[in-house]
2 protein chains.
Amino acid sequence: MPKQSANEIAVRIESLLKRNRLSVTDSRRKILQLFLEHTGAMAHGDIEKGAGEKFDRVTVYRTLQTFVDKGIIHIIPTADNSIRYALCKDDCGEGHHHDHHIHFVCNHCNKTYCLDDVVTPDIKLPRGYSAGHVEVVVEGICKNCQ
Amino acid sequence: MPKQSANEIAVRIESLLKRNRLSVTDSRRKILQLFLEHTGAMAHGDIEKGAGEKFDRVTVYRTLQTFVDKGIIHIIPTADNSIRYALCKDDCGEGHHHDHHIHFVCNHCNKTYCLDDVVTPDIKLPRGYSAGHVEVVVEGICKNCQ
DNA sequence: AATTATTTTGCAACTGTGTTGCTTTTTTAT
DNA sequence: ATAAAAAAGCAACACAGTTGCAAAATAATT
Ligand SMILES: [Mn+2]
Ligand SMILES: [Mn+2]
Ligand SMILES: [Zn+2]
Ligand SMILES: [Zn+2]
């Protein structure tokens with residue numbers, strides 16, 4: 001994949017917003033850009049800082065919520081109760097997330113990764129239970145920290 | 001298993017505390033009792049309410065933290081960022097939790113269950129990643145809500 | 001391009017959760 | 001019974017997240 005110019009990225013961001021019937025605003029552009037130029041997942045704090053204190057805290061909360069609702073980003077649960085967000089790469093849309101990959105939290109660098117190629121396993125539940133979504137978070141040492 | 005008398009339970013609680021080298025106090029007794037007479041997991045709020053507003057909020061926090069540290073209870077992560085606690089049934093101890101079961105959250109009654117008999121699956125990770133703990137939370141409809 | 005309608009933002013104020021320092025009370029050891 | 005150690009309660013605080021509302025920005029219409 002050739003490296004994209006800043007302009008190409010901007011176009012891509014705008015089209016992503018329009019495709020989701022969202023007004024194109026500074027905060028949405030900036031926050032989407034952060035996600036695109038970031039590999040791992042981001043905590044709310046990272047995003048607030050990354051946006052350069054240019055936007056109000058409330059705007060960041062509302063923007064993230066909007067993106068989750070539209071299926072643009074998804075939430076990653078962690079044991080320490082600190083929500084992380086990451087871009088959806090599957091065919092998620094308004095009202096339906098289809099993220100079937102697992103998540104990895106590195107104990108060393110503390111980064112959170114979407115392992116898009118590792119699908120969630122089938123879990124055999126006891127009689128009477130029926131499964132909807134399965135969430136898997138693996139904790140360990142990541143590629144870069146070995 | 002024969003139904004235990006109130007007295008038998010009290011003895012069991014006290015011995016559990018002593019085994020973990022913890023002073024036997026009212027709050028610890030009461031909170032352990034809540035866990036024992038409860039099937040599912042409990043949120044902090046449930047515990048605070050269940051204890052009958054008899055103890056300070058801070059005491060409840062500190063008691064739960066102590067129990068987690070000692071390997072008496074474990075934390076269950078959820079997507080909505082609300083921590084739940086449940087008794088450890090495996091051989092957990094101070095500094096080492098060994099809870100290898102999965103967790104189930106019912107979308108209907110909103111209860112959280114430890115499925116002690118369902119062990120966490122082996123996850124095949126991409127080259128370079130090494131797994132430590134694996135956390136699985138399944139969301140769906142529970143036995144009682146079908 | 002200008003006007004209007006709609007949506008989003010920022011601000012302030014508030015709520016809820018969890019933490020910390022310190023004093024008093026309770027529990028444990030002697 | 002006394003002394004030492006641990007835990008509880010209180011007050012104050014820090015921090016995350018929410019809400020209502022007026023101002024600003026964006027989108028739709030003329
Ligand atoms: Mn993901
Ligand atoms: Mn459990
Ligand atoms: Zn790492
Ligand atoms: Zn249920």
Side-chain angles (χ1 to χ4, degrees), chain A residues 10-11 13-34 41-70 72-73 75-85 94 112, chain B residues 10-11 13-34 41-70 72-85 94 110 112:
Chain A
V11 169
I13 287 172
E14 189 164 325
S15 102
L16 177 57
L17 287 172
K18 291 212 167 132
R19 195 180 333 135
N20 284 282
R21 296 182 306 286
L22 290 173
S23 327
V24 179
T25 68
D26 285 352
S27 70
R28 287 175 183 166
R29 257 196 294 252
K30 180 66 184 172
I31 290 175
L32 267 188
Q33 192 189 331
L34 285 178
M42 285 188 289
H44 182 95
D46 301 329
I47 297 163
E48 219 174 305
K49 261 181 21 197
E53 287 136 21
K54 194 169 170 300
F55 306 103
D56 193 84
R57 241 159 35 86
V58 178
T59 301
V60 176
Y61 280 110
R62 292 199 267 228
T63 302
L64 291 172
Q65 187 55 56
T66 301
F67 287 172
V68 170
D69 291 345
K70 289 289 186 177
I72 297 173
I73 62 176
I75 288 178
I76 303 170
T78 57
D80 70 331
N81 214 25
S82 70
I83 291 186
R84 307 273 169 123
Y85 300 89
E94 190 157 6
T112 302
Chain B
V11 169
I13 287 172
E14 190 164 326
S15 100
L16 177 58
L17 287 171
K18 293 210 166 132
R19 195 181 329 136
N20 283 282
R21 296 180 307 286
L22 290 173
S23 327
V24 179
T25 68
D26 286 351
S27 70
R28 287 177 182 165
R29 258 197 293 252
K30 180 65 185 175
I31 290 175
L32 268 187
Q33 193 187 332
L34 285 177
M42 284 188 291
H44 182 95
D46 300 330
I47 298 162
E48 218 175 307
K49 262 182 20 197
E53 287 138 21
K54 194 168 171 298
F55 305 104
D56 193 83
R57 241 160 34 85
V58 178
T59 301
V60 176
Y61 279 110
R62 292 202 265 229
T63 302
L64 291 172
Q65 187 55 55
T66 301
F67 287 173
V68 170
D69 290 345
K70 288 288 186 177
I72 297 172
I73 62 177
H74 62 274
I75 289 179
I76 304 169
T78 56
D80 71 331
N81 214 24
S82 70
I83 291 186
R84 307 272 170 122
Y85 300 89
E94 191 158 7
N110 203 34
T112 301

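Numbered from 1 within each chain, the chains take letters A, B, ... in sequence-line order.
Relative to the side chain of A/Thr59, the nucleotides C/dG18, D/dG17, C/dG10 differ in distance, and C/dG10 lies closest. The side chain of B/Arg62 sits closest to D/dC10 out of D/dC10, C/dT8, D/dA16. Ranking D/dC10, C/dT9, C/dG18 by closeness to the A/Thr63 side chain, first place goes to C/dT9. Of all nucleotides listed (C/dG18, C/dT8, D/dA8), C/dT8 comes nearest to the side chain of A/Arg28.
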| query | Using a cut-off of 4.0 Å between protein heavy atoms and nucleotide atoms, how would you tag nucleotides 25-30 of chain C 5' to 3' with B, S and -? | reply | --SS--

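Straight-line distance from the NZ atom of B/Lys30 to the C1' atom of D/dA7: 19 Å, rounded to whole Å. Rounded to an integer number of Å, the gap from A/Gln65 CD to C/dT9 P is 14 Å. Nucleotide C/dT17 holds its P atom 16 Å from the CD1 atom of B/Ile75, rounded to whole Å.
For the pair B/Thr66 and D/dA7, the criterion of a side-chain N or O lying under 4.0 Å from OP1 or OP2 is not met.
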| field | Pair assignment for DNA chain D - dot-bracket with | for other-strand partners, Watson-Crick or G-U under 3.5 Å | value | ||||||||||||||||||||||||||||||

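For B/Lys18, the salt bridge (charged side-chain N to carboxylate O under 4.0 Å, His left out) partners at least two apart in sequence or on another chain are B/Glu14.
Residues B/Asp56 and A/Val58 both approach DNA chain D. Their nearest nucleotides, taken by heavy-atom distance, put B/Asp56 toward the 5′ side.
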